[in-house]
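One structure is given here, and the rest of the page talks about it.
Starting from 1, each residue takes its place in the sequence as its number.
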Amino acid sequence: MGMTCTSCKSPFNDIAPIADDHHGISKKSFKLLFPLGKGGFGKVWKVLHKPTNIHYAMKEISKVKLYIKKSTSLINQELSTLKSIHNFFISNIHFAFQTEEHLYIVTDYFQGGDLRYHINTRYHKQFTQNEIQFILACILLAIVYLHKH
């Protein structure tokens with residue numbers, strides 16, 4: 001079920017492709033390898049960018065779900081923020097594009113999972129003090145960067 005509006009301005013019309021060459025970026029530019037997770041608006045996939053053979057994480061976001069949950073401003077804010085930052089400790093955006101039904105945000109792929117994954121898979125095993133110090137240092141460096149920008 002697609003949602004189109006010919007008589008009104010879509011809140012997603014301002015989403016221009018983000019890429020080094022801006023030409024021809026689409027879902028066909030990527031090979032979907034496997035899902036990394038699922039959220040309230042769609043899935044996150046591990047993908048291979050065919051022209052460069054680089055792995056990325058690709059959010060596939062349902063426009064219908066964004067409309068229903070009245071979250072269009074949230075996704076536009078996320079895109080605006082991601083476009084304006086670039087840091088080693090933050091998942092950086094490389095591409096953004098859309099189809100009639102979905103928005104796609106392609107970011108760095110971090111092999112090994114995110115912090116939530118590691119917390120959830122530890123069960124009753126605690127992090128070591130060195131691991132906690134490393135995690136906190138990474139988080140603090142990311143926050144400091146965001147505050148400066």
Side-chain angles (χ1 to χ4, degrees), residues 1-122 127 131 134-149:
M1 173 178 165
M3 181 180 270
T4 59
C5 180
T6 56
S7 63
C8 62
K9 184 178 180 337
S10 166
F12 308 114
N13 285 343
D14 295 333
I15 298 174
I18 300 170
D20 292 334
D21 63 356
H22 294 288
H23 301 290
I25 191 72
S26 72
K27 192 173 177 181
K28 292 179 183 178
S29 304
F30 300 91
K31 178 180 179 183
L32 275 63
L33 301 175
F34 55 85
L36 295 170
K38 188 174 181 178
F41 301 115
K43 287 185 178 178
V44 179
W45 295 87
K46 179 179 180 183
V47 297
L48 179 68
H49 185 232
K50 293 175 187 176
T52 62
N53 252 7
I54 296 174
H55 290 106
Y56 293 105
M58 182 169 73
K59 280 188 182 181
E60 182 178 47
I61 303 162
S62 166
K63 289 182 179 181
V64 171
K65 289 180 182 177
L66 284 172
Y67 279 116
I68 290 170
K69 294 182 180 184
K70 298 179 178 161
S71 298
T72 56
S73 62
L74 179 70
I75 198 69
N76 284 321
Q77 183 179 3
E78 179 181 354
L79 273 169
S80 175
T81 301
L82 286 172
K83 286 184 205 179
S84 67
I85 60 173
H86 184 79
N87 186 270
F88 182 78
F89 296 103
I90 300 170
S91 184
N92 299 291
I93 191 168
H94 294 275
F95 307 99
F97 56 94
Q98 61 181 312
T99 63
E100 188 174 318
E101 296 176 352
H102 292 95
L103 300 175
Y104 296 91
I105 300 173
V106 181
T107 62
D108 294 324
Y109 168 71
F110 294 113
Q111 189 168 335
D114 61 9
L115 181 57
R116 182 175 54 177
Y117 167 80
H118 289 283
I119 290 170
N120 290 338
T121 57
R122 289 278 176 140
F127 287 100
E131 289 171 325
F134 176 76
I135 291 166
L136 287 175
C138 293
I139 292 169
L140 287 173
L141 287 170
I143 291 171
V144 167
Y145 175 82
L146 291 172
H147 264 289
K148 287 182 180 179
H149 293 85

- State, to 0.1 Å, how close Tyr109 and His55 come at their nearest heavy-atom pair, and which atoms those are. CB-O, 3.8 Å

- Nearest-0.5 Å distance, CG of residue Leu48 to CE of residue Met58: 11.0 Å

- If you look at every heavy atom in Thr72 and Ile75, which pair is closest and at what distance? O-CG2, 3.2 Å

- Message: Could you report the tightest heavy-atom contact between Thr107 and Ile93, atom names first, then the distance?
- Response: CG2-CA, 4.0 Å

- Message: To the closest 0.5 Å, what do you measure between NE2 (His86) and OH (Tyr145)?
- Response: 7.5 Å

- Of all the heavy-atom pairs spanning Val106 and Phe97, show the shortest one and how long it is. CG2-CE2, 4.1 Å

- Evaluate the side-chain contact (heavy atoms from CB on, under 4.5 Å) criterion for residues Ser62 and Glu101: first the C-alpha distance (whole Å), next the side-chain angles of each, then the deciding distance (0.1 Å), finally the verdict. CA-CA 6 Å; Ser62 166; Glu101 296 176 352; over 6 Å; no

- Over all heavy atoms of both residues, which pair between Asp108 and Ala57 is shortest? Give the atoms and the distance, please. O-CB, 3.7 Å

- Task: Decide yes or no on side-chain contact (heavy atoms from CB on, under 4.5 Å) for Phe41 and Lys59, but give the supporting numbers first.
- Result: CA-CA 9 Å; Phe41 301 115; Lys59 280 188 182 181; over 6 Å; no

- Can you tell which of Asp114, Asn120, Leu115 makes a side-chain contact (heavy atoms from CB on, under 4.5 Å) with Tyr117? Asp114

- Message: Does Phe127 have more than 12 heavy atoms from other residues, nucleotides or ligands lying within 6.0 Å of its CZ?
- Response: yes

- Report the C-alpha distance between Phe89 and Ile143 in whole Å, list the side-chain angles of each, state the deciding distance to 0.1 Å, and finish with yes or no for side-chain contact (heavy atoms from CB on, under 4.5 Å). CA-CA 9 Å; Phe89 296 103; Ile143 291 171; over 6 Å; no

- Item | Lys31 atom NZ, neighbour heavy-atom count above 12 within 6.0 Å | no

- Calculate, to the nearest 0.5 Å, the distance between atoms OG and CG belonging to Ser84 and Leu79 respectively. 10.5 Å

- Message: Does Glu131, at its CD atom, have more than 12 non-hydrogen atoms belonging to other residues, nucleotides or ligands within less than 6.0 Å?
- Response: yes

- Query: Which distance, rounded to the nearest 0.5 Å, do you find between the NE2 of His149 and the NE2 of His147?
  - Reply: 13.0 Å

- Query: Is atom CZ of Phe134 surrounded by more than 12 heavy atoms (other residues, nucleotides or ligands) closer than 6.0 Å?
  - Reply: no

- Between Lys63 and Leu103 the two heavy atoms that sit nearest each other are CE-CD2, 3.6 Å

- Task: Using modelled atom types only, decide if a donor and an acceptor are shared between the side chain of Ser80 and the backbone of Asn76 within a distance under 3.5 Å.
- Result: no

- Report the relative orientation of the aromatic rings in Tyr56 and His94; use parallel for angles under 30°, tilted for 30 to 60°, perpendicular for over 60°. tilted

- Message: Among Lys27, Lys43, Lys38, exactly one meets side-chain hydrogen bond (donor to acceptor under 3.5 Å, both in side chains) together with Glu60. Which residue is that?
- Response: Lys27

- Note on the structure: Between the CD atom in Glu78 and the CD1 atom in Ile105, the distance rounded to the nearest 0.5 Å is 4.5 Å

- Message: So, taking the atom named CG in Leu140 and the one named CD1 in Ile135, what distance separates them when rounded to the nearest 0.5 Å?
- Response: 12.0 Å

- Message: Ring centres under 6.0 Å, that's the criterion: do Tyr104 and Phe30 meet it?
- Response: no

